[in-house]
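Each remark here refers to the structure printed beneath this line.
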Amino acid sequence: MANLAVDAVKDMTYDAIVIGSGISGGWAAKELTGYGLKTLVLERGKEVKHIKDYPTTTKNPWEFEHRGQLPLEVKNQNPIISKCYAFYEGTEHFFVKDAEHPYVQEKPFDWIRGYQVGGKSLLWARQTQRWSDFDFEGPARDGFAVDWPIRYADIAPWYSYVEKFAGISGNKDGVPQLPDGEFLPPHEMNCVESFFQKQVASKYKDRQVIMGRAAHITAPQPIHLEQGRAKCQHRTICERGCPFGGYFSSNASTIPWAAKTGLMTLRPDSVVHSLIYDEAKGKATGVRAIDANTKEEMEFYAKIIFVNAAALNTNLILLNSTSSRFPNGLGNDNGLMGKYVAFHNYRARVSADYDGHLDSTTDGRRPNSPYIPRFRNVYKQETGFLRGYAAGFNARRNNVTNQDGLGADLKNSLLNPSLGGWSVGSHMMGETIPKESNYVALDKSKTDPYGMPQLKISIDYDANDEKMTQDYIEQMTEMFANAGFTNIQAKDSKQAPGLDIHEMGGVRMGNDPKTSLLNKWNQLHACNNVFVTDGASMTSTSTQNPSLTYMAFTARAVDYAVKEMKKMNL
Ligand SMILES: Cc1cc2nc3c(=O)[nH]c(=O)nc-3n(C[C@H](O)[C@H](O)[C@H](O)COP(=O)(O)OP(=O)(O)OC[C@H]3O[C@@H](n4cnc5c(N)ncnc54)[C@H](O)[C@@H]3O)c2cc1C
């Protein structure tokens, strides 16, 4: 009997466990198996195999029952997720429905999730900018949160490393606050976007309009072909899953790469409940999980554990990992776990018309658009609010279709629209300040379908965000007016936090165990065989999109963890 029990434990024992198979978990799996570690990836959602499990990827608009729209009934049942622009008939199977996984909104928060192999990597908008020392030095300079324990030089080689594999397109723009990377050829601007770029350059010394940097293969390199990925076809229906692997997803890239080593066991439908802490060893020895189909409780064991369940779920799992040594959550000696959560302020948009360049139009589609890097408070504090915002920008020529008429006339008019003027649009992407009062915690009075406490979310804007929103509207309005755009309209949607889908923090990095949870290697100060390399680990939020930084932190942390294991002969 004793031998049987030993064998059973052996069967459940790996070198490493990764929780979550999204952008960061996929990278952890690839790197750990790349170093020869037998790795178990536990994913709460269903299996999504590249190509095979993209049911709508080749559908034409008329092949959808509702022509791509969602019926009112679905929208009414899903008021939260329906706010996300990427949720439609072609993608609804990749989003968590509101009723399936409840959470407690102490303050309004739109929590957008994708529970499946690949996580939100299937759905993301693929914008990938490096952060810079203006970000990593931000908290120390401006006196908020805690100092980051790293600087740009620590992470720069890891950005290069992940960029080459993932495939990032862009220009080398030489903007100090947006370091250049290892770029594939950029997408092109259209003539009005280039016009605006020149207008801004001629009128503002501190502002640039550049082409967005995006995780699209514009010119496949041998490393991409080796992954079975091909050139992006500009279909612009990426969020349905790309059969070409033209954009980066875990499903097309890191997960199959890890699988090829023969060292990865991927277990979908496995909801991680908590980490197991062994007091005598002073380490985490494994995880408890629940089979999503049978509700069977399981335990798995490993020498190191990477928690990559996405920012808020990582907080939930760690807070739920209690023991007599850690009654408030694994590694949570200072009581700060779940606090200092921040996000991106995406509230405002400015749009306008343009009556120039009427002799030109656009042709084809482009899965990307121009970007205006942060220009406020970069070198010094110059406004009444802290930090700054970046902005997206795009211009499009309008078609004017005459929908009057019938039969051949109508068909002809729809197929041969006449051209109207140009429309231009911009949206803000503001940094928010992590604060103790913006937090997540467990609500033990409410449980989810797996018996786990629900997450209580209490996150809000503050006066800094209000001033920043106003400034974006004023500055973008001025930039548009200076370019000769007309009919300028600004809108503050006042959307709740969450819809930016860039929530970060709660398990922040820092030098001092008294004020942070993780050290500079993303390793829990108080339990050194547990690593957190998703958004939960972020000390502050920058204005740039975060996922490339999660990839780089993950690869860097695995490299460190494996070297430490070797030193300790593990
Ligand atoms: C529409 C949209 C547009 C976006 N655009 C951009 C963009 O342009 N640029 C950018 O940088 N980011 C963007 N994002 C955000 C980006 O998708 C996330 O930052 C990124 O996916 C986070 O990676 P992750 O590994 O932390 O989490 P995810 O990719 O969400 O993966 C987490 C995984 O963990 C699993 N999991 C959760 N809980 C458990 C549990 N208890 N047990 C087991 N598994 C669990 C989940 O099912 C999921 O598969 C966008 C997101 C969306 C939805």
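The basis for the numbers below is simple: all heavy atoms, side chains too, and nothing from hydrogens, waters or symmetry mates. Numbering of ligands and ligand atoms starts at 1, following listing order.
Close contacts between ligand 1 and Gln127 involve ligand atoms 7 (C), 8 (O), 9 (N), 10 (C), 11 (O) [criterion: under 4.0 Å to a heavy atom]. Each of the following atoms of ligand 1 lies closer than 4.0 Å to a heavy atom of Asp534: 26 (O). Interface of Leu42 with ligand 1, defined as ligand atoms under 4.0 Å from a residue heavy atom, comprises 43 (C), 44 (N). Less than 4.0 angstrom separates some heavy atom of Gly22 from each of these atoms of ligand 1: 25 (O), 28 (P), 29 (O), 31 (O), 33 (C). Atoms of ligand 1 found under 4.0 Å from any heavy atom of Ala86 (numbered from 1 in listed order, with element): 1 (C). Each of the atoms 42 (N) of ligand 1 lies under 4.0 Å from some heavy atom of Val271. Listed by number with element, the atoms of ligand 1 under 4.0 angstrom from any heavy atom of Ile317 are 40 (C), 41 (N). Close contacts of ligand 1 with Gly20, meaning ligand atoms under 4.0 Å from a residue heavy atom, involve 33 (C), 34 (O), 35 (C).
With hydrogens left out, the protein atom closest to atom 27 (O) of ligand 1 is Ala310 CB, 3.2 Å, a heavy atom. Nearest protein neighbour of atom 51 (C) of ligand 1, counting heavy atoms only, is Ile501 CG2, 3.6 Å. Distance from atom 39 (C) of ligand 1 to its nearest protein heavy atom, with residue and atom name: Arg44 CD, 3.5 Å. Among protein heavy atoms, atom 23 (O) of ligand 1 sits closest to Ile23 CB, 3.5 Å. When only non-hydrogen protein atoms are considered, atom 24 (P) of ligand 1 lies nearest to Ser24 OG, 3.6 Å. Nearest protein neighbour of atom 40 (C) of ligand 1, counting heavy atoms only, is Val272 N, 3.6 Å. Residue, atom and distance of the protein heavy atom nearest to atom 37 (C) of ligand 1 are Ala309 O, 3.3 Å. Shortest contact from atom 19 (O) of ligand 1 to any protein heavy atom: Ser547 OG, 2.8 Å.
The aromatic rings of His427 and Tyr346 sit tilted, their planes meeting at an angle between 30° and 60°. Below 30°, between 30° and 60°, or above 60°: for Phe306 and Phe531 the angle between ring planes is below 30°, a parallel geometry. Using cut-offs of 30° and 60° for the angle between ring planes, the His101 and Tyr450 rings count as parallel.
Residue contacts with ligand 1 include Ser270, since one of its heavy atoms falls under 4.0 Å from the ligand. Between His273 and ligand 1 there is no heavy-atom distance shorter than 4.0 Å. Remark: distances from the non-hydrogen atoms of Tyr85 to ligand 1 include one below 4.0 Å.
Sparse packing is recorded around NZ of Lys491, with 12 or fewer heavy atoms of other residues, nucleotides or ligands lying under 6.0 Å away. Remark: Lys172 NZ is packed, more than 12 non-hydrogen atoms of other residues, nucleotides or ligands lying under 6.0 Å away. In Gln77, the CD atom is crowded: over 12 heavy atoms of neighbouring residues, nucleotides or ligands sit closer than 6.0 Å. By the 6.0 Å contact criterion, NZ on Lys231 is open, its count of non-hydrogen atoms from other residues, nucleotides or ligands being 12 or less. By the neighbour-count criterion of 12 heavy atoms within 6.0 Å, atom CD of Glu188 is sparsely surrounded, having that number or fewer from other residues, nucleotides or ligands.
Ion pairing between Arg240 and Glu92 fails under the 4.0 Å rule for side-chain N and carboxylate O. A salt bridge links Arg130 to Glu163: at least one charged side-chain nitrogen sits closer than 4.0 Å to a carboxylate oxygen. Between Arg267 and Asp291, at least one side-chain nitrogen of the basic residue sits less than 4.0 Å from a carboxylate oxygen of the acidic one, meeting the salt-bridge criterion. Ion pair Asp173/Arg213 flagged as a salt bridge, since at least one NZ, NE, NH1 or NH2 atom sits closer than 4.0 Å to an Asp/Glu carboxylate oxygen. In this structure, Asp15 does not pair ionically with Lys38, as no charged nitrogen and carboxylate oxygen lie closer than 4.0 Å.
Screening Phe343, Phe95, Tyr103 against Trp111 for a ring-ring contact (aromatic ring centres under 6.0 Å, His included) leaves a single residue, Tyr103. Test Asn320, Leu524, Val287 against Leu275 for side chain to side chain contact (heavy atoms under 4.5 Å, CB included) and you get one pass: Val287.
The heavy atom nearest to atom 28 (P) of ligand 1, out of those in His344, Lys120, Gln544, Glu43, is found in Lys120. Taking each of Met551, His502, Glu503 in turn, the one with a heavy atom nearest to atom 13 (C) of ligand 1 proves to be His502. Here the shortest heavy-atom distance to atom 5 (N) of ligand 1, taken over Gly392, Ala536, Ala125, belongs to Ala125.
Taking the six-membered ring where the residue is Trp, the centroids of His234 and His187 are separated by under 6.0 Å. If you look at Phe165 and Trp27, their ring centroids are closer than 6.0 Å.
Between Asn545 and ligand 1, an N or O atom pair is found at a separation short of 3.5 Å. Looking at ligand 1, you won't find any N or O of Leu548 less than 3.5 Å from one of its N or O atoms. Residue Trp124 has no N or O atom closer than 3.5 Å to an N or O atom of ligand 1. Annotation: Gly45 places no N or O atom under 3.5 Å from an N or O atom of ligand 1; distance criterion only. Between Tyr115 and ligand 1, no pair of N/O atoms sits closer than 3.5 Å.
Proximity of Asn308 to ligand 1, defined as any heavy-atom pair under 4.0 Å, is confined to the backbone N, CA, C and O atoms. At a heavy-atom distance under 4.0 Å, no atom of Arg113 approaches ligand 1.
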